[in-house]
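In what follows, a structure is listed as structure tokens, so that the remarks can point back to it.
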Amino acid sequence: MPIIKLPDGSNIEFQKKVTGLEVAEKISKSLAKQALIISVDGELKDLTHVIEKNSSVKIITHKDSDGLDAIRHDTTHIMAMAVQELFPGTKLAIGPAIKDGFYYDFSRKEPFTPIDLEKIEKKMKEIVEKDQPTRKEVWERKETKDHYKKLGEKYKVELVDSIPAGNEISIYYHGKWYDLCRGPHLLSTGKISKHFKLTKVAGAYWRGDSNNEMLQRIYGTSWPTQKELDDYLKRIEEAEKRDHRKLGKEMDLFHFREESPGAVFWHEKGWILFQRLIEYMRMKQRFAGYKEINTPEILDRSLWEKSGHWEKFGEHMYTSETPDDKIFAIKPMNCPGCVQVFNQGLKSYRDLPLKLSEFGKVHRYEPSGALHGLLRVRAFTQDDAHIFCTEDQITQESLTVTNLILKIYKDLGFENVILKYSDRPEKRVGEDSVWDKSEAALLSAIKQSKLEYTINKGEGAFYGPKIEFVLRDAIGRDWQCGTLQVDLNLPGRLGASYVDKDGTKKVPVMLHRALFGSLERFIGILIENYAGKLPFWLAPTQVVILPITEENNDYVKNLFEDLFKEGIKCEVDLRNQKINYKIREHSLAKVPMILVCGKKEVSESTVTVRRLGSEKQETFKREELIKNILTSNKLPLN
RNA sequence: GCCCCUUUAGCUCAUUUGGUAGAGCAACUGAUUUGUAAUCAGUAGGUGGUCUGUUCGAAUCGGACAAGGGGCACCA
């Protein structure tokens, strides 16, 4: 007779085999009420699942992430049920729970409209109200396939085929409707409650393969309570308010236009921000021993053929033909140019590691559907560098790069960083022994950094393993930014060499490294992270000075000159407007500091300060204030 | 690139079923000299994304293209 071990360590002994629900009831009535599914020895099961032997059981409620997933999985079944009722002939593909919600992929000729979504939602609520019981049946493989073949549900047939031999094939019924599904599911359709919402329709390839048919995917979200649903919708709204495309327009930082899709037209304010970021990085890299170079944007085809880009990267490259019938490529990467700088003149082992940095503008022909504001563009500036070193130096140099990246992210307000490590892919160049060495070197650097990391097996570049740096922003979103790649290939292809101790020529290892990846992209991330309220040192307009009346204009202009001379990005607003009007306008423009000078300030040689996000007014002596401002304006070079 | 949607004044949006476009904010002019999130009045502003078809007549209906948006694929 089964002895059930509970998560708190206690045991309950039953006289006969029991269902999950009976276990929950034995623990408490309220738990049984809240129970959604159970976990038996780590496997998720229905509440109706019969436990026959001793096992560890956990009753799962909506407070567990597995419980939330179960609710969403049920909701997507109910959606599919509603869709098939309303739109007979619609075929089903798959419908899993995902982060914050669920989707189901359908195959149907006519597109679903927003009005259809409303109808589906209404129908779903009816289904929930009917509270139809869930029932599981186990079918034979062949019977299942024949059944779905007859119905013309070709995706279900494919799914049956992909279930490993020996696994049971389960069908879940909700009332009369049923679906092929591994489960588990809640006891009845009423269990999910009505706190769901269908959010959007989108195209999606069957099995994520662009060679397959495009299905219609309906996304939705589902929560245990109305409050959680409202909170989620609010969160989405907040994220929309931070959208860098919207803020970029409002703050007059940049724009895009038809003539050059995916390329940024930087306005004065955006360009100031861009330059300031570069200024910071320059200082940071100079301290770290980098030498900044700059290489041509357009290079002859032969170089790209030698480097392998022409073959491997050609479809993403812009090319141009000149009147003398030569073909040039606009660089999509900086590395070949950088290697040419290395190649110029004789290099000795004493020169290594040699770190050459470049703020290089690259162009890549990205698929049109991939473009997205500043985050995915066709022309962008990499904060690139290539470190030429020996194999023995890989670990140390990788660690140094990692530490530099972490420090920089921290300076810019990002404390949460995780790493993604990718090792050798199937298609690769170089000896396995060298791969062993470079992988070990990179991994050792990661371990020494003590950061959380995930391993992406086989996702490395063809020339070497890589690390990607992912940072988490203020509202919990992850962004992939920096990258560090070990390259045992390009230097050789492009004929790089150095003279070693023994007088022989050797080929150096090259580390590719980008801190933010793309400055354009990073600025987009910065804007969203700070919701446009950039830190003082980065703000394109740092200070606006407002006179109360015309009488204070001279004082204000004089103060402006003092700040301007010190390099503060400062403006005066002498317009004939009320102070309320100006405060509102400059606050909305996200100027970090507003200075107000009226009769009182002029007579006392003081300035009243209002900082963005605060209604507090503070009055300072003029000299003291200037000193404070200069301190805030320093680059964060810790 | 693929599926769906969108495109009207500088910005945000309106114009029921086809009868050549309106508002708020911004801009400009004038008045107002103002103490911490919108002072008042007036003026001007549009080949309705582009091309094309249907029609006596198209912002409105059809088609093509482009850009943008949401996803998918892609991100070397």
Side-chain angles (χ1 to χ4, degrees), chain A residues 98 103 105-114 116-117 199-219 236 240 243 245-246 249-250 252 255-262 308-309 311-317 332-333 335 362 364-373 375-378 380 422 425 427 459-463 466 468 480 483 485 512 517-518 521 546-553 574-589 594-601 608-619:
Chain A
I98 51 170
Y103 67 77
D105 285 346
F106 301 101
S107 170
R108 173 177 179 247
K109 271 215 183 80
E110 301 75 29
F112 290 111
T113 65
D116 293 339
L117 287 199
T199 49
K200 58 198 166 200
V201 201
Y205 297 110
W206 165 241
R207 296 233 145 127
D209 184 339
S210 56
N211 296 314
N212 291 339
E213 186 202 347
M214 176 142 299
L215 306 167
Q216 293 192 66
R217 176 174 294 179
I218 302 182
Y219 282 95
I236 300 290
E240 274 168 20
D243 192 312
R245 294 165 297 185
K246 181 172 164 326
K249 199 185 271 177
E250 282 172 18
D252 193 19
H255 83 277
F256 290 92
R257 52 175 52 238
E258 281 186 26
E259 294 94 321
S260 190
H309 286 85
E311 192 205 339
K312 296 263 172 199
F313 205 69
E315 55 177 334
H316 296 286
M317 282 163 69
M333 295 187 196
C335 17
V362 295
R364 298 180 185 180
Y365 185 77
E366 300 285 358
S368 57
L371 303 180
H372 182 93
L375 302 183
R376 192 78 183 273
V377 288
R378 285 179 174 161
F380 59 97
S422 305
K427 268 188 169 180
E459 305 248 313
F462 69 93
Y463 47 73
K466 65 178 178 184
E468 274 151 347
Q480 191 172 305
T483 169
Q485 305 172 0
H512 302 242
S518 143
R521 180 171 154 80
L546 311 178
I548 295 288
T549 75
E550 255 171 29
E551 283 175 28
N552 321 119
N553 280 4
L574 302 179
R575 288 176 305 169
N576 180 6
Q577 277 291 357
K578 291 202 164 178
I579 198 74
N580 283 311
Y581 178 91
K582 295 187 192 176
I583 295 274
R584 179 183 150 82
E585 195 172 274
H586 296 297
S587 298
L588 288 174
I594 296 176
L595 307 182
V596 178
C597 304
K599 207 183 223 167
K600 202 176 102 219
E601 286 80 3
T608 298
V609 178
R610 179 182 169 128
R611 286 170 204 276
L612 185 61
S614 160
E615 287 173 22
K616 202 167 67 178
Q617 296 174 37
E618 286 177 285
T619 304

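The basis for the numbers below is simple: all heavy atoms, side chains too, and nothing from hydrogens, waters or symmetry mates. Residue numbers start from 1 in every chain, and the chains themselves are labelled A, B, ... in the order their sequence lines are given, proteins ahead of strands.
- Among the nucleotides B/rA37, B/rU33, B/rG35, the one closest to any side-chain atom of A/L588 is B/rA37.
- A/S210 comes within contact range of the sugar-phosphate backbone alone, with a heavy-atom separation under 4.0 Å but no base atom that close.
- Of all nucleotides listed (B/rU33, B/rC3, B/rA73), B/rC3 comes nearest to the side chain of A/M214.
- To the nearest angstrom, C1' of B/rC3 lies 8 Å from OH of A/Y205.
- Taking atom CD of A/E366 as the reference point, atom P of B/rA73 lies 16 Å away to the nearest angstrom.
- A donor and an acceptor atom never sit less than 3.5 Å apart when one is taken from the side chain of A/R207 and the other from the base of B/rA73.
- As a whole-Å value, the separation of A/R217 CZ from B/rC72 P is 6 Å.
- Side chain of A/E258, nearest nucleotide from B/rA26, B/rA66, B/rU36: B/rA66.
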| message | Can you give me the dot-bracket string for RNA chain B, 5' to 3', counting Watson-Crick and G-U wobble pairs with both distances under 3.5 Å, using [ ] for crossing pairs and | for partners on another strand? | response | (((((((..((((.....[..)))).(((((.......))))).....(((((..]....))))))))))))....

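- No N or O donor and acceptor, one from the side chain of A/E615 and one from the base of B/rU36, sit under 3.5 Å apart.
- Closest contact between the side chain of A/S368 and the listed nucleotides B/rG35, B/rG1, B/rU39 involves B/rG1.
- If you measure from atom CG of A/N211 to atom C1' of B/rG1, you get 12 Å, rounded to the nearest angstrom.
- Comparing atom distances between the A/T608 side chain and each of B/rG71, B/rA37, B/rU36 picks out B/rU36 as nearest.
- Distance CZ (A/R376) to P (B/rG68): 14 Å, rounded to an integer number of Å.
- B/rG30 atom P lies 16 Å from atom CZ of A/R575, rounded to whole Å.
- Taking only side-chain atoms of A/I583, from C-beta outward, the nucleotide of B/rA26, B/rU36, B/rA67 with the closest atom is B/rU36.
- Interface remark: the A/E315 side chain does not form any donor-acceptor pair with the B/rG1 base, using a distance-only criterion of under 3.5 Å.
- Take the nearest nucleotide of RNA chain B for A/F256 and for A/Q480: the residue whose nucleotide is more 5' is A/F256.
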